[in-house]
Structures are given as C-alpha cells and as structure tokens.
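Input: a single structure, listed below in structure tokens.
On a predicted model such as this, the values are computed, not experimentally measured, just so you know.
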Amino acid sequence: MKQFVTFFALLPIAAAAQTFKVEVSNPSNTARKDVPVVIDLHKVLKKKASTVLSAMVTPLSTHKRTSPSSVTVGPSTSSLLPSQLDDLDGDLIPDELCFVADVPANTTRVFRVECSAISSPRSFPPRTAAFMKVWDRKYRYPYINSIEYQGRNEPLATYDAIYGHGAQWESELVGFRVYMDHRQSIDIYGKPTPQLVLDKTNFYSTREDIAAGRGCDILFAGPSVGAGSFRGYVGGEPTYVDSVEARGQRVIASGPVRAIVEVWDKNWYYEGKTLQMRQCYTIYAGHRDVEVDVKLSGAGVDDLRFCTGVQKLELENEGYLSPAAGLVGSWGKNVPDKAAEDLVEGVGLGVCVGGQYLVDECEDSYNYLAVLRPRNGHIRYSLAICALMEHYGFKDSVSWFAWLEQWRQQIEEPCNVKVGK
C-alpha cells in the first residue's frame, strides 16, 4: 500500500546531485516487510525533475521508539537499496522515486537519497515485472508499451489480438492480467515458489511448465467479478464497461521494485452519462496485493454507483464478510481451464475498500460485492490473492481469512514517510 508522505526543507543542492533524507516509521507492534516508499520528485526537488537521470538510496540508521525518547539501535548497512525512477505520464521526465524497505515494529528507519543529473545505470535483480504483447501469426509476439482500440470493435477481437488477452504484471509471489475487452476482468496466476515467470508462460502454462514449478492460471472468472475487477452497478447487479468510444491499456512501470499497468475507457456511456475512466494497478516487490486507483470524470459522476469484489469459487467455496466493513474474501477450489478438468486449483481472494468509498457489502449468485461511490471522481481499493499450490503459503480458509484481517489493519495503519534534511 502506498504510504502518506510529508515534505519539509531540503539540504543545499550540489550542481550535479540533489540529496535528501527519508524517514520511514512503523507505528504498529508488528514488523512490516517490503514497505513501499514513493516520493513525488516534483515536490521534493528544488531543481526540475527533468534534470534527474539516476538515483541512489542508501540506509543510514534505525531508531527504536521508546518512551520518553527514541533510542538509536545502530547504523544500517551502507549497501545500496534497489529503487526505480518512474515516468507516470509518458513525457520522459521522472515523476516518482520508489523503493521498498523492511521496518521493525515501533521503529523508524532513515535513508539517504541522491538524485543525480548524471546518468549512472544500475542493475538490480527484478522483483516485479509488467508487459504487453500482441498476437502474431508467426509466433514472435512483439512487446508493446500501449494500445487503444475503437469501441465499435467486437469485444473478442480486442481480447484475442493481445497475446495473453491483456496486460500482465507480477511480483515474485503472484501474477495478474486484465482482459482487453468490455469485461476488463482481473485474472490471477499462482506460483509454487517465489519467481518471475509470466514472460515465459504468458498465462498459457503447459503441463510441462506446471511440472517444472512455473505455476499456472488459477481462476475461472466466467461472468463474475473475478478477483477485484472494477464494474458498473445497475439495478443491484454488476455491469461490464460497455458502450465506449475507445478503450486501451498501457504499461507504466516494470520493476525492479514495482510494476504499474493502466487501463482507460473514453466516453463510457453509463447510466445516461458520459464518463472518462482511468484505472491503475500497482504491485510492489514482496507483495501479493495490488493497489487499484480509479479516476472518473463527467457531470454527476459522484452520484453514480460502481462495484468490485471477489467471486464465489465453483468448488468448496467459503465466503468472508469482515465484521469491520470494507473487507470481503473467499476461499475454495475451481477448474481454471475447462479443457483440463483434472487440474483443480485452490485459491484465496480478498478485496479491501476504504470507508469513504464504501456504500454497501452484499452478495449475488456469483460474487461477494463491495458497492462503491466516487469521492471527487476518485475510488481506491486493494485486492489480494493466494494459491493453494504455494509451498510457503496458506492451506485453509482460516489462515487466509486471518491474513486478510491483518492486511486490512496494515492498510488502515500505514507506515509514515517523511522527506527532509
């Protein structure tokens, strides 16, 4: 989950580099691993972000919170942390710096960040990835950065024109894709062991891939919301994103520490109104959860209702509606590939929605739903998944639902990030 960031005065800036410190504080009694730290460079840097060509993040120290004052546990190692500079709007200027950090309970860690105008490429082992490929009858499947289709296309034509049926993204733990059609469904991929594999299997795992431990598609979404797909909500039922002038997808970032995929719909005619919509899906290294950021514009958009949620699994389904509103989950088994009925996969699904966006929780024949309302044209929620095939993961609904509650608490009590001298 993205952390709240407070900005204050910076150090004097050298000609070739701009340096500042970042404090990451964990207010909880539980250690946090791979905490996402995201810095808006346009707010932090005195010089324009267009001058930044490289960045270095170095741990400095760790402070344990005690009463009445803090105690320094000791200096951290000075080894360089993996980080990345991301251009979010495609203007070739970096907008954000991102890294992840482990933060013990009730502790503050301090990092030194140096942004340089000198290009200094560094290679870090990738822990996340995202990509799109087009279908090619000569089986080359070239990579693309983005694609947009006219809305008049028959949905299956756009769906089948993308290799893998849509943009794909992953962390070491889990994988996802979003369908390139009117459903815009989120489909999920399970892995026995932590690894990046989607660029090899493209969601089309063979039995040889499965035997080699590369995992596979683990969900048959059908007419459901799948795992956290964003839908309209009309007459008490989820609806697809039909009647658009154009729809598209784009890969914004691809590792090493986060991956971002964007989906957009132009002139979506919905409930008698014409809307513009952009969805961003972000995953961080070490995470099985995805942040979903939906931006909508159009007259009266805040009066409309939308929904997300998780599907009911077709075999041995168990559902979960949290006593604390805003969390829905499910656990069970299904057959993802109807041409391979013997391959039964166990899955856990979860969606967490902030109270400012939540209208109601309910269920229908296929789903456990969270009904949503925009706030100033904005909706945010998170989705998470697990696979029964994981050697290190969850083996029953009890452990999965307990994790969902812990996850919700971390979302509601995030680590705090400060940027300054």
Side-chain angles (χ1 to χ4, degrees), residues 1-6 21-40 57-67 70-77 79-84 96-113 124-125 127-128 171-174 194 255-260 282-293 322 324 326-327 329 348 350-354 380-386 390 392-394 399-420:
M1 57 225 68
K2 192 178 292 184
Q3 309 304 317
F4 298 109
V5 181
T6 303
K21 290 182 181 179
V22 178
E23 296 182 0
V24 185
S25 300
N26 179 2
S28 76
N29 295 321
T30 304
R32 304 279 177 89
K33 287 185 62 66
D34 292 315
V35 173
V37 181
V38 180
I39 309 300
D40 186 333
V57 179
T58 308
L60 292 181
S61 61
T62 301
H63 304 277
K64 188 74 175 179
R65 293 189 173 199
T66 60
S67 181
S70 295
V71 174
T72 301
V73 174
S76 298
T77 60
S79 58
L80 206 60
L81 279 186
S83 63
Q84 66 190 67
E96 292 181 347
L97 168 72
C98 174
F99 63 95
V100 296
D102 296 341
V103 188
N106 298 302
T107 296
T108 296
R109 292 193 66 189
V110 182
F111 303 87
R112 179 180 183 269
V113 177
F124 299 108
R127 299 181 62 195
T128 69
S171 70
E172 317 101 305
L173 303 182
V174 288
V257 295
R258 76 168 171 180
I260 308 174
T282 304
I283 195 166
Y284 293 94
H287 282 245
R288 63 174 65 253
D289 57 319
V290 174
E291 293 180 355
V292 185
D293 195 332
S322 173
L327 179 64
V351 163
C352 185
V353 181
R380 293 193 68 183
Y381 62 93
S382 298
L383 65 96
I385 70 164
C386 73
E390 296 172 10
Y392 50 86
F394 307 90
S399 59
W400 174 240
F401 295 154
W403 184 90
L404 289 181
E405 285 292 350
Q406 295 170 3
W407 174 55
R408 177 185 61 80
Q409 292 169 14
Q410 291 188 10
I411 292 175
E412 294 178 352
E413 190 181 23
C415 289
N416 299 309
V417 177
K418 290 185 179 180
V419 181

_Within-4.5 Å side-chain heavy-atom neighbours: Val417 and Phe111_ = no
_Set of salt bridge (Lys or Arg N to Asp or Glu O under 4.0 Å) partners for Arg288, sequence neighbours left out_ = Glu390
*asked:* Could you measure the distance from the CD1 atom of Ile283 to the CG atom of Leu173? Nearest 0.5 Å is fine.
replied: 7.5 Å
_Please check this pair: side chain of Asp289 against backbone of Leu383, looking for a donor-acceptor N/O pair closer than 3.5 Å._
no
*Stepwise side chain to side chain contact (heavy atoms under 4.5 Å, CB included) test for Val257 and Phe124*: CA-CA 9 Å; Val257 295; Phe124 299 108; over 6 Å; no
*Check the pair Arg127 / Val100 against side chain to side chain contact (heavy atoms under 4.5 Å, CB included), numbers first and verdict last.*
CA-CA 11 Å; Arg127 299 181 62 195; Val100 296; 4.0 Å; yes
*How long is the gap from CG on Leu327 to CD on Gln409, to the nearest 0.5 Å?*
10.0 Å
*Answer yes or no: is there a side-chain heavy-atom contact under 4.5 Å between Val419 and Val113?*
no
*asked:* Tell me every residue that passes side-chain contact (heavy atoms from CB on, under 4.5 Å) with Ser399, counting only those two or more places apart in sequence or in another chain.
replied: Phe394, Asp396
*Does Thr62 reach the side chain of Thr107, with side-chain heavy atoms less than 4.5 Å apart?*
yes
*Do you know which two heavy atoms are closest between Asn106 and Asn29, and how far apart they sit?*
ND2-OD1, 2.8 Å
*At their closest point, which heavy atom of Thr108 faces which heavy atom of Ser25, and how far apart are they?*
OG1-OG, 2.7 Å
_How long is the straight-line distance from CG of Asp102 back to CZ of Arg109, given to the nearest 0.5 Å?_
7.0 Å
*Does the Lys64 side chain pair with the main chain of Ala105, one donor and one acceptor, at a distance under 3.5 Å?*
yes
_So, taking the atom named CD in Glu96 and the one named CD1 in Ile39, what distance separates them when rounded to the nearest 0.5 Å?_
9.0 Å
*Could you grab the distance from atom CZ of Phe99 to atom CG of Asp34, nearest 0.5 Å is fine?*
12.0 Å
*List for me each residue that meets ring pair (Phe, Tyr, Trp, His ring centres under 6.0 Å) alongside Tyr381, sequence neighbours excluded, and say none if there are none.*
none
*Is the backbone N or O of Val110 less than 3.5 Å from a side-chain atom of Glu23, with the two atoms forming a donor-acceptor pair by type?*
no
*Give, for atom OG1 of Thr128 and atom CZ of Arg258, the distance between the pair rounded to the nearest 0.5 Å.*
9.5 Å
*Taking side chain to side chain donor-acceptor pair (under 3.5 Å) as the test, write out the residues that go with Glu405, two or more places apart.*
Tyr320, Ser322, Arg408
*Glu413: what forms a side-chain contact (heavy atoms from CB on, under 4.5 Å) with it, not counting sequence neighbours?*
Pro27, Ser28, Arg32
_Sub-4.5 Å side-chain heavy-atom contact between Pro59 and Leu81_ = yes
_Distance-minimising heavy-atom pair for Ser83 and Pro256_ = O-CG, 3.9 Å
*With side chain to side chain contact (heavy atoms under 4.5 Å, CB included) as the test, would you mind laying out the steps for Trp407 and Ser382 before giving the verdict?*
CA-CA 10 Å; Trp407 174 55; Ser382 298; 3.5 Å; yes
*Side-chain heavy-atom pair Val57, Val37 within 4.5 angstrom cut-off*: no
